[in-house]
Amino acid sequence: MPEPLRSLLVVGGGTAGWMTAAALAHAMPRGCTITLVESEDIGTVGVGEATIPPITLFNETLGIAEADFLKATKGSFKLGIEFVGWGRAGHRYFHPFGTFGKPFDLIAVHQHWLAAHAAGEQTPLDDLSMAWGAAKRGRFAAPMADPRSVASTFDYAYHFDAGLYARFLRRYAEDRGVVRVEGKVAGVDRDGESGDVTAVRLDDGRQLAADFFVDCSGFRGLLIEGALATGYEDWTHWLPCDRAVAMPCETGGDGFTPYTRSTVRAAGWQWRIPLQHRTGNGYVYASSHVSDDQAAATLVANLDGPALGDPRFLRFVTGRRRRFWNHNVVAIGLAGGFMEPLESTSIHLIQTGIAKLLAYLPTREPDPIAIEEYNRVGIAEFERIRDFLILHYKLNAGRSEPLWRACSEMDIPDSLATKIDHFRRAGRLVQRENDLFGPPSWLAVHVGQGALPDAVDPLLAHVADPAASQAFVGKLATAIKQMAHSMPSHRAWIERIGAAA
Ligand code: FAD
């Protein structure tokens, strides 16, 4: 029998470090000492406020009540992302959480919409999404369980203050025995024979030894790169943004929206994330197309309310570590790789990194099969998300700025080209193993950015005529509208469930 782990060290106390420590403390209540080392002097990346629906499961698994979490993190609900100016100037669309309506016989709802649209129907695809029905009216309520109700067809995630979330999880982890060490890692010791990491050394001479290490040290990747030189795959040629400038502002008027907004700018795009006490904003941009000063000026000129604080600049290289698990080190969070926050996927990748770590939990002797599978699945998860992000850039073809012209003309990965071809032919939404974003998400971006297919699914002609499709679309849009009107406002719901900060 392989010997179970006796000690594990998490290096770094940002969102990744504390999510990892909290989840491990919950899953491994005995037999293994869990320590986390972090440096207040170095601090955390300090951004990362929007998430996707699986985050609700993370909290639920840890037994964290939704209202407690939202109150502690001054969080809000997120029904999806509104994309403004993507596809062409002056245009907007919504990437909803959930589906577009419910299945209609054998044919996907969007095939009816495509047929109806070709016959002159004016209802936008967005209006067939319950998430958008509620979002555009500033409404929110928990989805209903009854599958016959249109209110069962949406899902949700959160916006929250990531610093407060890390603090909340720190309390959770420390209550369950995680030992926190304040200190700066200055060196890493490795076994002369196996090359495994044996300990990290702090700048005051202290040494922290462990059987296994989780590198959550952020972009630095102190162990995975600094000590083990694992290597990095750079995807900047597909996703050219390499910097961001962030600046929160006051939330004015009815700006407390239950959704994130992404607005195209000349050299990238701007995020808007409403929390209970402020609105988070940032401009993600390609430094080859705009200077830092120009980017900051653009951001400041496009805030909803008075700025809170000075602009904060961040630099990154989009891509992933060649291996996430190397020797007795797993890299989780920014230490493992980073893709820009267009679809709010980084915190989710922390979550899947933790889930895989538990699924392939190391013992004191490394198991090469477990390591191989961890890396194989992790790489596939990164690549599927990468393709979905590139889709947005590739289809942003109606813009005249040099960055966007170059993106619409760039070569794309074959895995993505195949999916685009299938949609173009007959509106088919092909799925692949480890796809995080399902058919409704891909549909939203294809249609939202104006890439309509050449034909509909040939099966439709055997099932319904365009008039029937049009009637179906109209009925669904009406049901969604009525349901949305019956929901409380976003703020009223937060107050009702006791989540107001
Ligand atoms: P960090 O926050 O950088 O934490 C690193 C930790 O390591 C810190 O505690 C630091 O003190 C410690 N450390 C480093 N070096 C040492 C040392 N020598 N000794 C001791 N300790 C050390 N994600 C989303 O899901 N949604 C979003 O909307 C989103 N927006 C983003 C926008 C931008 C511009 C960027 C750059 C990222 C965004 N992210 C987003 C990603 C998200 O911020 C990160 O995934 C998340 O915060 C995890 O960061 P981390 O914990 O890996 O790293």
Side-chain angles (χ1 to χ4, degrees), residues 9-21 35-55 58 78 81 157-167 169-170 180-188 200-204 206 208 214-227 241-247 260-262 268-273 275 280-285 295 299 311-318 321 331-354 385 436:
L9 181 70
V10 179
V11 178
T15 314
W18 284 114
M19 281 178 75
T20 303
T35 308
L36 181 147
V37 59
E38 66 174 321
S39 160
E40 264 171 34
D41 282 353
I42 293 175
T44 65
V45 69
V47 279
E49 302 180 324
T51 54
I52 55 175
I55 186 74
F58 182 82
K78 172 179 173 185
I81 305 176
Y158 310 113
H159 305 120
F160 54 78
D161 182 321
L164 294 177
Y165 188 43
R167 207 177 298 165
L169 291 178
R170 173 180 164 184
R180 175 187 179 274
V181 175
E182 169 64 34
K184 215 177 267 181
V185 174
V188 178
V200 300
R201 263 175 293 112
L202 306 188
D203 62 354
D204 59 7
R206 279 178 294 169
L208 302 173
V214 186
D215 187 349
C216 296
S217 63
F219 289 128
R220 291 170 184 82
L222 284 178
L223 278 65
I224 196 79
E225 198 60 52
C241 291
D242 57 355
R243 290 192 195 176
V245 52
M247 184 184 239
T260 304
R261 182 178 296 139
S262 162
W269 60 275
Q270 180 175 335
W271 80 74
R272 178 188 178 281
I273 300 175
L275 306 182
N281 309 282
Y283 181 3
V284 176
Y285 57 97
L299 180 63
R312 247 169 60 76
F313 291 92
L314 299 118
R315 292 173 178 220
F316 52 84
V317 180
T318 287
R321 216 54 76 189
I332 292 183
L334 300 174
F338 180 64
M339 286 177 281
E340 57 152 274
L342 186 58
E343 286 285 352
S344 322
T345 42
S346 283
I347 292 173
H348 177 74
L349 285 167
I350 295 173
Q351 193 178 331
T352 60
I354 295 167
I385 292 173
L436 170 62

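Any value given below was found using the heavy atoms of this structure, including those in side chains, with hydrogens, waters and symmetry copies removed. In listed order, ligands and their atoms are each counted from 1.
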Exercise. Heavy atom of Ala162 under 4.0 Å from ligand 1?
Worked result: no
Problem set entry | Distance filter under 4.0 Å to Gly183 heavy atoms, resulting ligand 1 atoms | 19 (N), 20 (C)
For this session: Could you tell me whether Thr51 approaches ligand 1 through its side chain, its backbone, both or neither, with non-hydrogen atoms closer than 4.0 Å?
Result: neither
Problem set entry | atom 19 (N) of ligand 1 - nearest protein heavy atom and its distance | Val185 N, 2.8 Å
Exercise. Just which atoms of ligand 1 are under 4.0 Å from any heavy atom in Ala244?
Worked result: 34 (C)
For this session: For Ser39, counting its heavy atoms only, list the atoms of ligand 1 lying under 4.0 Å from any of them.
Result: 11 (O), 20 (C), 21 (N)
Seminar exercise, completed: the protein heavy atom lying closest to atom 33 (C) of ligand 1 turns out to be Val47 CG2, 3.4 Å
For this session: Below 4.0 angstrom from a heavy atom of Cys216, which ligand 1 atoms are there? Numbered from 1 as shown, please.
Result: 5 (C), 6 (C), 7 (O)
Problem set entry | Glu49: numbered ligand 1 atoms lying under 4.0 Å from its heavy atoms | 27 (C), 28 (O)
Exercise. Roughly how far, to the nearest 0.5 Å, is the CG atom of Asp203 from the CG atom of Asp41?
Worked result: 8.5 Å
Exercise. Which ligand 1 atoms, with their elements, are less than 4.0 angstrom from a heavy-atom of Gly333?
Worked result: 52 (O)
Exercise. In the protein, what heavy atom is nearest to atom 12 (C) of ligand 1, and what distance, to one decimal place, separates them?
Worked result: Gly12 CA, 3.7 Å
Problem set entry | Contact check: Val45 vs ligand 1, nitrogen or oxygen atoms, below 3.5 angstrom | yes
Seminar exercise, completed: heavy-atom search around atom 28 (O) of ligand 1 in the protein gives Ala50 N, 3.3 Å
Problem set entry | Contact with ligand 1 for Val284, non-hydrogen, under 4.0 angstrom | no
For this session: Could you tell me whether some N/O pair between Ala16 and ligand 1 is separated by less than 3.5 angstrom?
Result: yes
Exercise. Please state which protein non-hydrogen atom is closest to atom 8 (C) of ligand 1 and give its distance, to 0.1 Å?
Worked result: Gly43 O, 3.2 Å
Problem set entry | Working for side chain to side chain donor-acceptor pair (under 3.5 Å), residues Ser217 and Asp215 | CA-CA 6 Å; Ser217 63; Asp215 187 349; 2.6 Å; yes
Exercise. With a cut-off of 4.0 Å, which atoms of ligand 1 are near a heavy atom of Ser217?
Worked result: 5 (C), 7 (O), 14 (C)
Exercise. Should the proximity of Leu222 to ligand 1, defined as any heavy atom under 4.0 Å, be assigned to the side chain, the backbone, both, or neither?
Worked result: side chain
For this session: Identify, by atom number and element, the atoms of ligand 1 in contact range of Ile347, meaning under 4.0 Å from any of its heavy atoms.
Result: 23 (N), 24 (C), 25 (O)
